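Notes follow once the structure below has been shown.
Since the model is a prediction, treat every value here as computed from it, not as a measurement.
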Amino acid sequence: MHRRIIVPGALGAACLMLAIPASAAAHSPGAPGIGDPYYPAYGNGGYDVSHYDLRLKYQPATDRLEGTATILARTTQDLSRFNLDFLLDVGEVRVNGARASFTTSGEHELEITPKSPLRKGTPVTVVVRYSGVPSSEEAYGFTSWHRTPDGGVAANEPEAAWWWFPSNDHPLDKATYDVSVQVPDGTQAISNGTLQSASSRLGWTRFNWRSDKPQATYLATLAVGRFDLTTGTTESGIPVVNAYSKDLGAHDGAARASVERTGEVADWLTGYFGPYPYNALGGYVPNTDTGYALETQTRPFYSPRQFANGSNVSVVVHELAHQWYGDLVSVRDWKDIWINEGFARYAQWLWSEHEGEGTAQELADYVYASHPADDPFWTVRPGDPGPENQFHIAVYDRGALAVQALRNEIGDEAFFEVLKGWPQRYAHGNASVADFRRYAEEVSGRPLGALFDTWLFQPSKPDAPAARAASLAKASDTPVRPRSWRKIAATNNVHEHEHKH
């Protein structure tokens, strides 16, 4: 016989619970992460953002950033509290006009408790006033804010937003953006999308940028410095704005000779991937000492070091291919990174064909033969590489091998139909490797589970029969290195910045 004993404290709590209306008791905190297996603390639960309005003031001399972020969202549960991902100092938070209490937790969490609980399915306006010196902030032992001699740059993957605006920082929650930045006269502020206006007053100039198509938080960028801007239009009518630091030195000519071909490359890519999905285009090259490039939406970021050995249009091809594969269709989880990097690398192989410097098949043969069976290269599984290998060279090169194997398996007609149809199927949304396999099977009418498993998920080099079936070279062959290889290999560090933590 078991006797239930209620101690006084428990009795008081029970009475208190009876006094709380059922509607209030049902509200609960939003999850501190959106559920990504690689990065459990990234993103947040309980709401979905539709728009960010960022009004900023930045002083290059001190690296001080002041901002007011207005975030439009809708709740996806009854919320008592919710998080934003952010690092700078917060002065005030308002939720639907009323002051909200806030605190910080973990490495990058801003916890907000609204004055009144929020019901599921209701629109919410969150206003955050903040300030700080981005270059002084670190999380997990690294920073995504790059100080330059004349300003600063926010560009990194899979996280960059924490250093300049509060957000739901995961590709699953895309939104539109208005970014308004006030900087000292003679300095420019570069961001995504179209430049709506620029006006000067009392020694300061305000630049207003707009991205009117859904954009993942890590694809939002800000660069402040002294830039030379060039403008143009693609053959298809898309306005192009490129920006080059005035302090690129010896890299200036090679950078311009590469990035100025942005419009040409984008038009060329439409033949493979379908219509360019945005109303703005360009690229920017700030005076950073980093070595990577990043597909920031509509306006990729390029490091000067990408052009240290001369012009390299191949890196421009890579980042522009991401506008479809990565930006238009984004990962469902970060483990799906192959859909971004395998296809951006394969676009470089197609460009090599276009330039007469080696076919995609010749490049596949060369990559396959270059890595013996005991090379750790083959232990990385592009279909789920793990956070420590998310940007390993195997995700790029073995990932592109998988794309070529798919092409050989289903034939050119079905392959190029897949290549062009995929961005339309999941436009402005998210998708997984499994989604891609199902789509390729749907288009080709063939079962592809074994092929995807061999090339994306087995931690070993596909054996000779499997390689022959995909028309790839035998391990004993030593194909001639294609002429394009040097340019392609020069982009191997495009994402060398990824995770030190």
| message | Quick check: closest heavy atoms across Trp455 and Ala405, and the distance to 0.1 Å? | response | NE1-CB, 3.6 Å

| Do Thr491 and Arg345 have side-chain atoms, one donor and one acceptor, less than 3.5 Å apart? | yes

| query | Of Ser330, Pro171, Pro158, which is the lone residue that meets side-chain contact (heavy atoms from CB on, under 4.5 Å) with Tyr218? | reply | Pro171

| request: Look at the side chain of Lys246 and the backbone N and O of Asp228, then say whether any donor-acceptor pair between them is shorter than 3.5 Å. | output: no

| query | Charged N to carboxylate O below 4.0 Å: is that the case for Lys335 and Glu388? | reply | no

| Would you say His146's side chain and Thr290's backbone share a donor-acceptor pair under 3.5 angstrom? | no

| task | Before accepting this row, confirm whether a basic side-chain N of the pair Glu441/Arg437 lies closer than 4.0 Å to the acidic partner's carboxylate O. | result | yes

| said: Testing the 3.5 Å rule here: is there a donor-acceptor pair between the side chains of Tyr366 and Asp397? | reply: no

| task | Can you sort out the partners of Tyr276 under ring-ring contact (aromatic ring centres under 6.0 Å, His included), two or more places apart, ordered by chain and number? | result | Tyr278, Trp324

| Residues Arg226 and Asp247 bridged, charged N to O under 4.0 Å | no

| query | Any Lys/Arg nitrogen of Arg483 or Glu362 sitting under 4.0 Å from an Asp/Glu carboxylate oxygen of the other? | reply | no

| Checking side-chain hydrogen bond (donor to acceptor under 3.5 Å, both in side chains) for the pair Asn208/Ser180: CA distance, chi angles, key distance, verdict? | CA-CA 4 Å; Asn208 296 295; Ser180 176; 2.6 Å; yes

| query | Can Glu295 and Gln323 be counted as having a side-chain donor-acceptor contact under 3.5 angstrom? | reply | no

| Do you see a donor-acceptor pair shorter than 3.5 Å between the side chains of Asn192 and Thr298? | no

| query | Any side-chain donor-acceptor pair under 3.5 Å between Ser432 and Asp435? | reply | yes

| Does Trp378 have its ring centroid less than 6.0 Å away from the ring centroid of Tyr368? | yes

| request: Determine whether the side chains of Ser211 and Gln215 contain a donor N or O and an acceptor N or O closer than 3.5 Å. | output: yes

| message | Side chains of Ser144 and Asn156: any donor to acceptor distance under 3.5 Å? | response | yes

| query | Do Gln297 and Asp327 have side-chain N/O donor and acceptor atoms under 3.5 Å apart? | reply | no

| task | Give a yes or no on this: more than 12 heavy atoms of other residues, nucleotides or ligands lie within 6.0 Å of atom CD of Glu235. | result | no

| field | Sidechain N-carboxylate O distance under 4.0 Å for Glu409, Arg446 | value | yes

| task | Any chance you could lay out the side-chain hydrogen bond (donor to acceptor under 3.5 Å, both in side chains) test for Glu260 and Thr230, step after step, and finish with the verdict? | result | CA-CA 8 Å; Glu260 285 300 302; Thr230 66; 2.7 Å; yes

| request: Look up atom OH in Tyr426 and atom OH in Tyr325, then write down how far apart they are to the nearest 0.5 Å. | output: 12.0 Å

| Modelled atom types, side-chain donor and acceptor of Gln348 and Ser314, under 3.5 Å | yes

| request: May I ask you to say whether Glu264 pairs ionically with Arg261, meaning some side-chain N is under 4.0 Å from a carboxylate O? | output: yes

| task | With Lys461 as the cation and Phe377 as the aromatic partner, state whether NZ or CZ is under 6.0 Å from the six-membered ring centre and within 45° of the axis. | result | no

| Could you walk me through whether Asp85 and His170 pass the side-chain hydrogen bond (donor to acceptor under 3.5 Å, both in side chains) check? | CA-CA 10 Å; Asp85 301 297; His170 192 277; over 6 Å; no

| message | With a 3.5 Å distance limit and no angle check, can you tell me whether Glu341 reaches the backbone of Val395 through a side-chain donor-acceptor pair? | response | no

| said: Looking only at side-chain N and O atoms, does Asn312 offer a donor or acceptor that is under 3.5 Å from a partner on Ser258? | reply: no

| Quick one: ring-ring contact (aromatic ring centres under 6.0 Å, His included) pairs with a partner in residues 232-270, sequence neighbours left out? | Trp268-Tyr272, Trp268-Trp351, Trp268-His354

| request: Taking the six-membered ring for Trp and the single ring otherwise, decide whether the centroids of Tyr302 and Tyr292 are under 6.0 Å apart. | output: no

